[in-house]
Structures are given as structure tokens and as C-alpha cells.
Amino acid sequence: MRLRTWRGMGLVVDVFDEDTLDRLSGRAAIGHVRYSTAGDSDPANAQPLAVRHGRGQLAVAHNGNVVNAHALRRELEDLGSIFSSNADSEVVVHLYARRKEQRVVDRVCRLLARLEGAYSLLLMSEERLIVARDPHGFRPLMLGRLTQEEGTDEGGEAAWVVASETSAFDLVGAEMVRAIEPGEVVSIDHTGVHSHRIEGPDAPRRFCIFEDIYFARPDSMMGSRSVYQSREQLGSRLADEHPAEADIVIPVPDSGNTAALGFARRAGIPFGMGLVRSHYVGRTFIEPQQSIRHFGVKLKLAPVRSLIQGKRVVVVDDSLVRGTTSHKIVEMLRRVGAREVHLRISAPPTRHPCHYGIDMPSYGELIANNKSLEEIRAHVGCDSLGYISVKGMLEALGQARERRYCDACFTGDYPVAFEQAPKAEPLPLLQPSSRS
Ligand code: AMP
């Protein structure tokens with residue numbers, strides 16, 4: 001079987017039109033939507049990476065950040081490897097090509113022992129799909145199965161599916177089987193599903209707490225717990241820690257919706273959708289320029305005057321990073337007549353950048369790293385400001401006794417040491433899409 005790849009820059013719907021999808025026939029597929037947290041936003045860094053090596057083909061899709069990628073790259077370049085991108089994920093294919101083990105899965109188990117940091121990986125060869133999760137389990141990775149009605153492969157056996165989030169399974173009519181365990185390597189081929197371990201000692205679990213707070217979709221399950229339930233609990237705890245005398249609780253849609261519901265219910269204050277979100281505008285957070293981010297918030301969110309005018313309003317959002325969104329929102333609410341605006345955040349202050357796969361600005365841009373609570377309140381312009389405490393967050397997520405999360409963005413307690421990335425070198429311009 002030959003591997004065919006199709007990659008491009010932009011939105012999935014624009015890159016994969018009907019014609020393209022029709023031409024991508026086969027028994028197995030992997031895909032990736034890149035939100036670059038390491039390496040440039042450049043066509044050469046688009047995934048899946050696909051290569052030919054001495055013994056065949058390999059395609060790789062990677063979610064997370066390999067924190068020792070630069071050291072590994074230097075070592076591989078000294079041995080003669082030539083890199084075609086500056087994505088941390090490319091070290092995986094070079095390490096793979098150098099391994100001598102007979103079985104593909106053994107090569108993968110050994111090579112992964114060299115990586116440090118966060119990775120949920122899909123590797124596809126001509127015969128099998130191999131999926132792996134780093135020993136700390138920073139990023140999610142779920143195993144599912146297409147139900148009989150939705151699809152079976154040619155032999156009549158149920159087809160396996162793997163995704164970061166279970167919401168993807170619902171879309172294609174698959175059911176969740178289980179999470180891929182931290183440190184687990186699963187090989188899927190015509191003989192079924194076989195579990196292996198990455199070589200090396202076990203590591204403490206450190207699932208990214210920001211997945212539960214913001215990143216994951218509320219219709220996903222993270223282990224046995226739904227993301228929706230977690231966010232509602234966070235909102236409820238936030239109401240206990242920072243009550244407010246108010247007439248209405250409104251979320252910053254969509255990220256604050258569930259926590260705001262939890263807050264309103266717990267506080268016994270009516271809930272309303274006081275801000276309407278335009279679904280035709282992308283994420284303002286990712287815009288590189290502050291001026292565009294400011295304008296973007298305005299385009300994206302609009303206040304409902306009839307709900308807000310004359311009211312004491314509690315606004316709930318999941319996080320405050322640079323403070324751009326909240327500042328604009330408070331201004332908007334006051335313009336339509338809010339009497340008081342109380343901002344509540346269902347995460348603790350974001351004080352430290354993420355090195356394991358979430359796009360977070362540097363220390364200089366993180367408002368909570370540079371200002372006191374009162375200074376942040378004044379910058380945002382609200383009447384009061386309250387963040388959930390670290391203890392409250394962990395308790396709301398059912399982790400009071402046993403710590404199984406990575407919460408470095410709030411505490412600075414980084415589970416894996418990281419090296420600072422050297423300045424990216426410019427890459428040669430490549431075709432935006434390629435087919436092989
Ligand atoms: P800011 O405007 O910089 O304070 O960012 C806060 C807003 O961005 C909140 O509404 C969050 O839901 C959202 N947000 C927080 N972290 C991220 C992230 N890593 N990527 C995209 N959006 C984010």
C-alpha cells in the first residue's frame with residue numbers, strides 16, 4: 001500500500017474540498033490540524049509529515065511539544081540527517097529511520113524513549129497505524145471504534161479510530177473504547193489492536209489542566225469525566241470563592257458558557273446570553289498584532305442591550321491571558337448601560353508560558369505576571385475581579401488529594417525541564433500543498 005498525502009495552509013474546509021477527499025481513497029488515514037506552538041506557521045511545517053526511508057514510508061501527526069527537539073536535532077544533524085522543516089515533530093521521523101529493530105512497533109517504543117515533553121502521536125506505515133502518548137500524558141488521546149451501522153472495514157471487522165477528543169467520535173458515529181494510557185504505544189493492523197509500552201521508567205501523570213478549563217470541547221469526555229461537567233464545577237466553585245451581588249450572570253461565549261452556567265446556578269442569579277458571538281470571525285487570540293486582536297474582539301462579540309441595560313452584571317470567562325478580551329467586553333457592557341460589571345475567571349491567574357503544546361504568550365505579555373490583582377482590575381476596567389484559586393480549581397476537578405495535572409501555566413511548576421528554542425531560521429518557500 002502506498003501512502004498519499006495532502007496538506008495545506010488555512011481552514012480544513014478550504015484545504016479539503018470534495019474533489020480532494022474523493023481522490024484520497026484507502027483503508028487507513030491520519031489527519032492533523034496544526035495550531036503551531038513550536039516551529040513556524042509555514043507550509044513546510046504542516047502535518048502529517050510524510051517521508052520515504054530505507055525500508056518504506058512513514059507519516060506522522062503530532063500534538064504537543066517535544067521539549068528536547070533542538071538537542072535531538074543537533075545530534076541528528078551531526079550524524080548527517082537533513083531536516084526539511086523546523087517543526088519539533090520532524091525529529092521523530094529521523095529517529096525512526098535510524099532504528100534497526102525488525103518490528104515497526106519496537107522501533108517506535110525505543111525512539112520515543114529519547115523524546116522529552118508532550119506528545120500524542122499518530123504514525124502510519126504501509127501496514128499499520130501506531131499511536132502513542134508521552135509517559136506524563138500531557139495531551140489527550142482516545143481510542144474508539146466505529147459501530148456496526150456506521151462502518152466496517154472490508155473484512156467485516158469493526159474499524160478503529162483514534163482522536164484527541166471524543167467529540168470527533170460522535171461526529172463519525174464511533175463509540176469511545178478507552179483513553180490511550182500515558183506511556184502506551186498501540187499498534188493497529190489487520191490482526192487487531194496491540195498494546196506496548198515506551199521503554200523507560202513510569203512517569204507521574206500530568207494531564208494538561210488547560211484542556212479541561214478551555215481547550216477541549218465541552219461535548220468531549222476526558223477519561224470518565226465530561227468536560228462540560230468539569231467546567232460547571234469550576235463555575236460553581238468560583239461562585240463560592242468570589243460571590244457578587246448582581247442581577248444577571250453572562251458568559252463570554254463560547255469559552256465561558258459552561259462555567260457561567262455553574263456560577264449562576266450556584267449563586268442563584270439568573271443566567272443570560274448577554275453577549276452574542278459571530279461565528280464568521282476566527283479566533284482573536286491567535287492574531288499576531290494587538291491592534292487586530294482589539295478590533296477582532298469587537299467584531300466577534302456584541303452585547304444584548306435589552307439584557308444588560310441598568311443591570312449589575314457578572315461576566316464569566318475561562319481565562320484572562322493578555323487582558324485584551326475582557327477589557328473590550330467591559331467597555332462594551334458599560335456602553336450599553338451596565339450599572340456594574342464584575343468579572344469572574346474560572347481559572348487561576350495565567351502567570352507562566354506553556355512549553356507543552358498550548359499557545360501562550362511569553363512572560364512579558366501575560367498580564368497576571370506583570371500586574372497585581374488590583375492593577376489588572378483597573379486595566380480591565382471592571383468593578384470587581386475574582387479568579388478561582390489553584391486549590392479551588394483542583395478540588396472542583398476532583399483532584400484534591402492526588403495531583404495528576406500539569407498546572408505549570410498557573411503555578412510555574414514545570415514537570416519536565418525544557419530548553420529555550422533557538423531563533424527559527426527562515427525556511428525555503430515550498431508549495432502550499434503537495435501530493436505524493
Ligand atoms: P486575552 O484576551 O489575551 O486575555 O485572552 C483571553 C481569551 O482568550 C479568553 O476568552 C480565552 O478563552 C481565550 N484563550 C485563552 N488561552 C487561549 C489559547 N491558548 N488559545 C486560544 N484562545 C485562548
Side-chain angles (χ1 to χ4, degrees), residues 33-38 41 63-65 118 138-140 164 208-218 227 230-231 234-235 238 250-260 263 273-279 281-303 315-333 343-371 373 375-382 385 387-388 393 406-410:
V33 183
R34 183 157 188 265
Y35 150 92
S36 54
T37 54
S41 179
N63 176 24
N65 263 10
F138 280 103
R139 310 252 70 87
S164 292
C208 168
I209 205 158
F210 207 61
E211 293 274 355
D212 273 324
I213 288 175
Y214 165 76
F215 213 66
R217 277 179 37 158
V227 175
S230 296
R231 292 191 189 154
L234 288 165
L238 182 61
I250 68 167
V252 176
D254 295 322
S255 55
N257 288 357
T258 327
F263 189 108
M273 292 301 287
L275 290 162
V276 173
R277 176 170 171 192
S278 162
H279 289 272
V281 183
R283 282 185 172 174
T284 46
F285 185 90
I286 313 182
E287 284 302 337
Q289 270 182 40
Q290 182 69 357
S291 56
I292 303 180
R293 280 198 294 270
H294 267 287
F295 186 60
V297 174
K298 227 162 142 184
L299 283 179
K300 192 160 95 175
L301 297 170
V315 189
V316 181
D317 201 359
D318 68 284
S319 55
L320 217 162
V321 181
R322 299 182 185 91
T324 319
T325 313
S326 320
H327 173 77
K328 281 276 145 200
I329 285 171
V330 172
E331 215 175 68
M332 261 179 217
L333 295 173
L343 182 63
R344 297 292 179 266
I345 306 292
S346 63
T350 307
R351 292 206 169 95
H352 307 269
C354 177
H355 292 275
Y356 312 123
I358 297 282
D359 182 19
M360 284 279 178
S362 58
Y363 277 111
E365 285 180 276
L366 291 171
I367 193 169
N369 183 55
N370 302 310
K371 294 189 189 318
L373 188 69
E375 284 168 340
I376 302 171
R377 188 208 58 73
H379 170 87
V380 169
C382 51
L385 169 65
Y387 290 91
I388 196 169
M393 167 183 71
C406 170
D407 51 22
C409 50
F410 307 125

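Atoms within a ligand are numbered from 1 in the order they appear, just like the ligands themselves.
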- Item | Contact (N/O only, under 3.5 Å) between Ser255 and ligand 1 | yes
- Task: With heavy atoms of Arg322 as the reference, note each atom of ligand 1 found under 4.0 Å away.
- Result: 1 (P), 3 (O), 4 (O)
- Message: Looking at ligand 1, would Ser319 count as a contact under a 4.0 Å heavy-atom criterion?
- Response: yes
- Least distance between heavy atoms, Cys382 atom then Leu385 atom: SG-CB, 4.1 Å
- Option whose closest heavy atom lies nearest to atom 12 (O) of ligand 1, chosen from Asp318, Leu366, Thr350, Val252: Asp318
- A student comparing Asp317, Thr325, Ile213 should find that the heavy atom closest to atom 9 (C) of ligand 1 comes from Asp317
- Any atoms of ligand 1 less than 4.0 Å from a non-hydrogen atom of Gly323? List them with their elements. 1 (P), 3 (O), 4 (O)
- Message: If you compare all heavy atoms of Phe210 against all heavy atoms of Ser319, which two are closest, and at what distance to 0.1 Å?
- Response: CZ-OG, 3.8 Å
- May I ask you to decide if Asp317's main-chain N or O and Arg344's side chain share a donor-acceptor pair within less than 3.5 Å? no
- Any atoms of ligand 1 less than 4.0 Å from a non-hydrogen atom of Asp359? List them with their elements. 18 (C), 19 (N)
- Item | Results of ring-ring contact (aromatic ring centres under 6.0 Å, His included) for Phe410 - residues two or more places apart only | none
- Heavy-atom distance under 4.5 Å between the side chains of Leu320 and Tyr387, does that happen here? yes
- For Asp254 and Arg277, what are the C-alpha separation, side-chain angles and deciding distance, and is it a salt bridge (charged side-chain N to carboxylate O under 4.0 Å, His left out)? CA-CA 8 Å; Asp254 295 322; Arg277 176 170 171 192; 3.0 Å; yes
- Task: Indicate, as side chain, backbone, both or neither, the part of Phe210 found under 4.0 angstrom from ligand 1 when only non-hydrogen atoms are considered.
- Result: side chain
- Item | Sub-4.0 Å atoms of ligand 1 with respect to non-hydrogen atoms of Leu320 | 4 (O)
- Looking only at heavy atoms, what is the nearest atom pair of Ala408 and His352, with distance? O-CB, 3.4 Å
- N or O contact, Ile358 vs ligand 1, cut-off under 3.5 Å: no
